[in-house]
There are 2 protein chains.
Amino acid sequence: MSAEQPGTTLAVSTVIFALRPDATSGLMTLWLPLVRRTREPYEGHWALPGGWLPDDEELATAAARTLRETTSLTPTYLEQLYTFGALDRSPGRRVISVVYWALVQSVEAAQVTVGENVKWFPADALPQLAFDHNRIVEYALWRLRTKMEYSRVAHAFLGETFTLSQLREVHEAVLQRPLDPANFRRSMEASGSIVDTGERLAGARNRPPRLYRYNAELLAPSGAPSRRRPSEIPERPHTARPTPGESS
Amino acid sequence: MSAEQPGTTLAVSTVIFALRPDATSGLMTLWLPLVRRTREPYEGHWALPGGWLPDDEELATAAARTLRETTSLTPTYLEQLYTFGALDRSPGRRVISVVYWALVQSVEAAQVTVGENVKWFPADALPQLAFDHNRIVEYALWRLRTKMEYSRVAHAFLGETFTLSQLREVHEAVLQRPLDPANFRRSMEASGSIVDTGERLAGARNRPPRLYRYNAELLAPSGAPSRRRPSEIPERPHTARPTPGESS
DNA sequence: TCAAAAGTGTTCCTGTTACACCCATGT
DNA sequence: ACATGGGTGTAACAGGAACACTTTTGA
């Protein structure tokens, strides 16, 4: 009944997303930082940032630390993704990985300089990664994209204030399709997720756009069960998807 | 870097849902089986079925076993819910619980006889449970209800074939509101999730209804990342909700 | 023939999509 | 003045909700 499990180890990994301009097109696209493994198994392969879970550290805290240690950034969004625990996912001993996904601000991410063993990759063109990390990223990508459609995570890529164009650019980059500016404006205003600051952004050679702020009144749906009662305000819908296939 | 965690223990628990008739009204409502704790901590309190994770058992398999050991039933639906790992969630040593949720068929659940230490409770009127299990059930309930609206999990409560009334009764019981039979029929037929068997169910003193079968063609969205490519067929929307508040 | 549930038809309403058009600013 | 994106208006369409109505069985 009370069997201990010395052969099982607990790890925490994080899929970190940032928007960075594409090398050739200049358009914003999704990138994520990976670390090169310096030991077996999978030595030399790229892998998700992570590490063993200390006994005295919260899961989300460990994920945030991981993120800070690799990118020197603070996540503006952090949510548990899934726990991967298949017997064969790591050669040798069994490893159970509680995986989080995070968003960091684009402007900060653009400044980060990386070393030999840390590199940013376009989310849609990854090399062969260590362990089951390709599948994990694929799932995280799916989560981000569907969540973008019904939730209000986009602002996590932006700063305190932003224009509707900037917000739309985020949506377009994540969803990989153009959105009608007029309709986008209306749907955002209708959702109540943004607030007009009254200020405008001058400088461009066109009509100065309004600056908006994220509306923190509406409680943010994060994907994790909340301590408080669930929101009475239903959010927007999203599309469903099979989970990582642990059961299949 | 490679710190072991002897002070942390891994457990698997499952929230098991079944539909059973309400004692007074006779209407179908959600119930779940709980087990009474026979030792500290929380001795005497009711808790979710579960146990320590063996080193050589898959997570989902452990969840299914747990379910079988308590209810003698086989789950028709099983999906990972969330991993709870707050430092203070268990007095004494640290316990990380990977929680699953499951659905079992109503007809089978109705036959199950339970003992002194296993009892079914109405999902909406639970006593004070051990650990953070009240919060876990609350989150599982939310997941079931939102998933019911955009996915096709309802058939998991039913047998191989079923009438539209039976399917609607499941939806009504879970969502706790009446649904228009005409519109329900059309939305089900339009979704393509059910197939007419050609047979009818006679016996009642009214027009014999058609018998339908679940359409397994459309891949079932389960909530876990799949090994295959994600469905190209977007499912129906659902409403969002904050996750367990691990981060708050 | 009547009650009860199966099943069909139709209208209303709301939210989304597509796109035409005007507005304000820097060069 | 004009190019450029900001911002508004509006018609067409699709899907859902409400509800009247017909059909088929057992009693």
Side-chain angles (χ1 to χ4, degrees), chain A residues 26-28 146 148-152 158 161-173 175 177-213 233-240, chain B residues 26-28 146 148-152 154 158 161-173 175-213 233-240:
Chain A
L27 292 170
M28 290 297 248
T146 53
M148 182 76 74
E149 291 185 335
Y150 72 87
S151 181
R152 308 165 300 136
L158 301 170
T161 63
F162 47 85
T163 69
L164 269 171
S165 283
Q166 290 170 336
L167 189 62
R168 180 165 50 83
E169 187 182 19
V170 171
H171 276 83
E172 289 177 338
L175 302 179
R177 63 183 156 97
L179 298 173
D180 185 296
N183 296 333
F184 182 78
R185 162 180 300 278
R186 271 185 293 256
S187 74
M188 278 300 147
E189 283 170 345
S191 75
S193 58
I194 55 170
V195 180
D196 190 344
T197 63
E199 290 163 31
R200 286 162 187 277
L201 181 64
R205 73 174 182 290
N206 53 22
R207 175 170 170 176
R210 297 171 197 269
L211 279 170
Y212 291 88
R213 186 187 311 281
I233 306 126
E235 297 279 325
R236 299 279 296 299
H238 86 170
T239 54
Chain B
L27 292 169
M28 290 299 249
T146 54
M148 181 78 73
E149 292 186 335
Y150 72 86
S151 181
R152 308 164 301 135
L158 301 170
T161 62
F162 46 85
T163 69
L164 269 172
S165 283
Q166 290 170 336
L167 189 62
R168 180 166 49 85
E169 186 182 20
V170 170
H171 276 83
E172 290 178 337
L175 302 179
Q176 294 179 299
R177 63 184 157 95
L179 298 173
D180 184 296
N183 296 333
F184 182 79
R185 163 181 300 276
R186 269 184 295 255
S187 74
M188 278 300 146
E189 282 170 347
S191 75
S193 58
I194 55 171
V195 180
D196 191 345
T197 63
E199 290 162 31
R200 287 164 187 275
L201 180 64
R205 74 173 181 289
N206 52 21
R207 178 171 170 175
R210 296 172 197 269
L211 279 171
Y212 291 87
R213 186 187 312 281
I233 305 126
E235 297 279 328
R236 299 279 292 301
H238 85 172
T239 53

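Just so it is clear, the values below take in all heavy atoms, side chains as well, and ignore hydrogens, waters and symmetry mates.
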Which whole-number value in Å describes the distance from D196(A) CG to dG7(D) C1'? 12 Å
Atom CD of Q166(B) to atom P of dA5(C): distance rounded to whole Å? 14 Å
Quickly work out the L164(A) CG to dA24(C) C1' distance and round it to whole Å. 17 Å
Round to a whole Å and report the spacing from CG of L167(A) to C1' of dG6(D). 15 Å
Short side-chain N/O contact to dT16(C) OP1/OP2 from S187(A), under 4.0 Å: no
Here the gap from S193(B) atom OG to L167(B) atom CG, rounded to the nearest 0.5 Å, amounts to 7.0 Å
Residue list, side-chain hydrogen bond (donor to acceptor under 3.5 Å, both in side chains) with R186(A), at least two apart or on another chain: N183(A)
With rounding to the nearest 0.5 angstrom, report the CD to CZ distance, E169(A) to F162(A). 13.5 Å
Tell me the interatomic distance from E149(B), atom CD, to dA17(D), atom C1', rounded to whole angstroms. 15 Å
Could you check whether T163(B) gets within reach of a base, just the sugar-phosphate, or nothing at all, counting any heavy atom under 4.0 Å? nothing
Whole-Å distance between dC22(C) P and R185(A) CZ? 18 Å
Return the set of residues passing side-chain contact (heavy atoms from CB on, under 4.5 Å) with L27(A) (not counting sequence neighbours), or none when no residue passes. S25(A)
At under 4.0 Å between heavy atoms, how does the protein contact nucleotides 19-27 of chain D? Give one character per nucleotide, 5' to 3', with B, S or -. B---BBBS-
Quick one: list whatever passes side-chain contact (heavy atoms from CB on, under 4.5 Å) with T163(A), sequence neighbours left out. S165(A), Q166(A), L201(A), P209(A), L211(A)
Applying side-chain hydrogen bond (donor to acceptor under 3.5 Å, both in side chains) to D180(B) and not counting sequence neighbours gives none
Can you measure L211(B) atom CG to dG7(C) atom C1' for me and round it to whole angstrom units? 15 Å
Do any side-chain nitrogens or oxygens of R210(B) fall under 4.0 Å of OP1 or OP2 in dA6(C)? no
Quick test of your reading: applying side-chain hydrogen bond (donor to acceptor under 3.5 Å, both in side chains), list the pairs with at least one residue in residues 201-212 of chain A, sequence neighbours left out, ordered by first then second residue. R185(A)-Y212(A), D196(A)-R210(A)
Here the distance between atom P of dA5(C) and atom CZ of F184(B), to the nearest Å, is 17 Å
